[in-house]
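Residue numbers begin at 1 in each chain, while the letters A, B, ... track the order of the sequences.
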There are 2 protein chains.
Amino acid sequence: MSAAPDLLFRTLADPTRRAIFERLCREGEQTVGALTARSGVSQPAVSKHLGALKQAGLVRDRHEGRQTHYSARPGALNPLIDWTGRMAGFWQKRLDALDDLLKRMDQ
Amino acid sequence: MSAAPDLLFRTLADPTRRAIFERLCREGEQTVGALTARSGVSQPAVSKHLGALKQAGLVRDRHEGRQTHYSARPGALNPLIDWTGRMAGFWQKRLDALDDLLKRMDQ
DNA sequence: TACATCCATAACTTCCCAGTTATGGATCTT
DNA sequence: AAGATCCATAACTGGGAAGTTATGGATGTA
């Protein structure tokens with residue numbers, strides 16, 4: 001069930017897509033048009049990225065008339081935080097084990 | 001100087017490569033042969049992944065005779081932790097601003 | 001109604017990258 | 001010295017994904 005980090009890493013690996021997500025985090029809800037304006041790519045490309053972000057649970061969309069508003073869902077980053085924490089944890093655990101060993105050797 | 005997260009995300013996006021890094025975190029230093037044995041891919045593929053991990057600063061290598069030992073460098077994950085923290089921070093900051101606004105409207 | 005705007009999807013092209021096999025240098029073994 | 005083992009690099013192939021243009025549905029506006 002470690003599939004969550006995989007999708008998150010894959011989704012955030014693309015710079016354009018990550019930039020869109022960052023903008024949504026910084027500036028809050030945005031329409032597709034607003035995001036397209038300063039993205040450097042075409043509108044369909046932005047829509048596709050937003051689709052990927054949505055599938056990864058990183059954004060929400062809200063329809064209002066003919067425009068769609070997207071907003072970030074930072075909670076979706078939790079599996080990423082967990083993963084990094086786990087990696088650091090393994091490291092620490094092995095350090096502790098080494099520490100123990102050294103203490104036992106010391107006496 | 002936000003190039004660090006980019007390289008990290010790109011490097012960790014590949015499942016095989018991330019699995020190698022995870023094993024190094026969990027079990028500590030490993031030779032290329034040991035990593036290849038349970039990786040599901042060929043030895044050259046593993047070498048290539050290790051090269052990518054090394055270039056991203058995620059692993060160290062140590063030569064000993066004809067074998068090369070690789071070990072994880074969890075400190076390299078710091079830019080990732082910073083990035084996620086920053087995203088969550090933006091979110092929180094906007095929540096606080098909203099809170100302020102509501103308070104001012106309330107009185 | 002007719003036209004314009006906003007967004008999503010389809011169809012296509014291009015390019016990057018993960019994987020392979022082949023090979024060679026370096027080191028250990030006999 | 002000869003053979004075997006470990007690893008890295010080169011050369012190549014295939015698949016996927018990010019980008020484009022074209023288009024259409026839905027909604028707002030004249």
Side-chain angles (χ1 to χ4, degrees), chain A residues 2-24 27-73, chain B residues 2-24 27-73:
Chain A
S2 183
D6 187 78
L7 184 56
L8 287 180
F9 273 118
R10 269 209 325 259
T11 304
L12 293 172
D14 182 80
T16 304
R17 191 155 52 224
R18 198 172 57 253
I20 292 175
F21 179 71
E22 285 193 33
R23 279 200 55 194
L24 289 176
E27 310 168 13
E29 195 179 71
Q30 309 259 342
T31 68
V32 177
L35 290 170
T36 300
R38 279 178 280 174
S39 68
V41 296
S42 65
Q43 173 267 314
V46 172
S47 277
K48 222 158 121 187
H49 284 306
L50 288 169
L53 288 169
K54 181 180 173 185
Q55 191 170 3
L58 286 162
V59 300
R60 285 174 52 84
D61 61 344
R62 178 174 69 82
H63 297 277
E64 182 179 333
R66 60 184 165 182
Q67 30 196 5
T68 310
H69 298 259
Y70 283 88
S71 53
R73 298 183 40 176
Chain B
S2 183
D6 187 79
L7 184 56
L8 287 180
F9 274 117
R10 270 209 326 258
T11 304
L12 293 172
D14 183 80
T16 306
R17 191 154 53 223
R18 198 172 58 254
I20 291 175
F21 178 71
E22 285 193 32
R23 280 199 53 195
L24 290 175
E27 310 169 13
E29 196 180 70
Q30 308 260 344
T31 68
V32 176
L35 290 170
T36 300
R38 279 178 281 175
S39 68
V41 295
S42 65
Q43 173 267 312
V46 172
S47 277
K48 223 159 122 188
H49 283 306
L50 288 169
L53 289 170
K54 182 181 173 186
Q55 190 170 3
L58 286 163
V59 300
R60 286 174 49 85
D61 60 343
R62 179 174 67 83
H63 297 278
E64 182 179 332
R66 60 183 166 182
Q67 32 195 6
T68 309
H69 299 259
Y70 282 88
S71 53
R73 298 184 39 178

Given atom [atom1] of [X] and atom [atom2] of [N], what is their separation to the nearest angstrom?
| X | N | atom1 | atom2 | value |
| --- | --- | --- | --- | --- |
| A/L50 | C/dC6 | CG | P | 16 Å |
| B/R62 | C/dT27 | CZ | C1' | 16 Å |
| A/L35 | C/dC6 | CG | P | 14 Å |
| A/Q67 | D/dG25 | CD | C1' | 16 Å |
| B/H63 | D/dA8 | NE2 | C1' | 10 Å |
| A/D61 | D/dA26 | CG | P | 17 Å |
| B/F9 | D/dA18 | CZ | P | 15 Å |
| B/Q55 | D/dA8 | CD | P | 14 Å |

- Query: Counting distance only, does the side-chain N/O of B/S47 pair as donor-acceptor with the main-chain N or O of B/P44 below 3.5 Å?
  - Reply: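 Not confirmed, B/S47 side chain does not pair with B/P44 backbone.
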For [X] versus [Y], what's the shortest heavy-atom pair and its separation?
| X | Y | answer |
| --- | --- | --- |
| B/R10 | B/R17 | O-NH2, 3.5 Å |
| A/S42 | A/T36 | C-CG2, 4.1 Å |
| A/V46 | A/S39 | CG2-OG, 3.4 Å |
| B/L7 | B/T11 | O-OG1, 2.6 Å |
| B/D6 | A/P15 | OD1-CG, 3.5 Å |

- Message: Working to the nearest 0.5 angstrom, can you tell me the gap between B/L58 CG and B/R18 CZ?
- Response: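 One gets 12.0 Å once the value is rounded to the nearest 0.5 Å.
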- How many angstroms lie between CD in A/E29 and OG1 in A/T68, if you round to the nearest 0.5 Å?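 Result: 10.5 Å between the selected atoms.
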Dump every N/O contact between nucleotides 27-30 of chain D and the protein below 3.5 Å, one line per pair.
from: D/dT27; atom 1: O2; to: A/R66; atom 2: NH1; distance (Å): 3.4

- OP1 or OP2 of C/dC6 under 4.0 Å from side-chain N/O of A/Y70: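 No, no such contact exists.
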Atom pairs, N/O to N/O, protein against nucleotides 15-21 of chain C, distance under 3.5 Å?
from: C/dA18; atom 1: OP1; to: B/R17; atom 2: NH2; distance (Å): 3.2
from: C/dA18; atom 1: OP2; to: B/R17; atom 2: NH1; distance (Å): 3.2
from: C/dG19; atom 1: OP1; to: B/T16; atom 2: OG1; distance (Å): 3.0
from: C/dG19; atom 1: OP2; to: B/H49; atom 2: NE2; distance (Å): 2.3
from: C/dG19; atom 1: N7; to: B/K48; atom 2: NZ; distance (Å): 3.2
from: C/dG19; atom 1: O6; to: B/K48; atom 2: NZ; distance (Å): 2.6
from: C/dT20; atom 1: OP2; to: B/S42; atom 2: N; distance (Å): 2.8
from: C/dT20; atom 1: OP2; to: B/S42; atom 2: OG; distance (Å): 2.6

- Item | Other residues, nucleotides, ligands: >12 heavy atoms within 6.0 Å of A/R23 CZ |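 Enclosed: over 12 neighbouring heavy atoms sit under 6.0 Å from CZ of A/R23.
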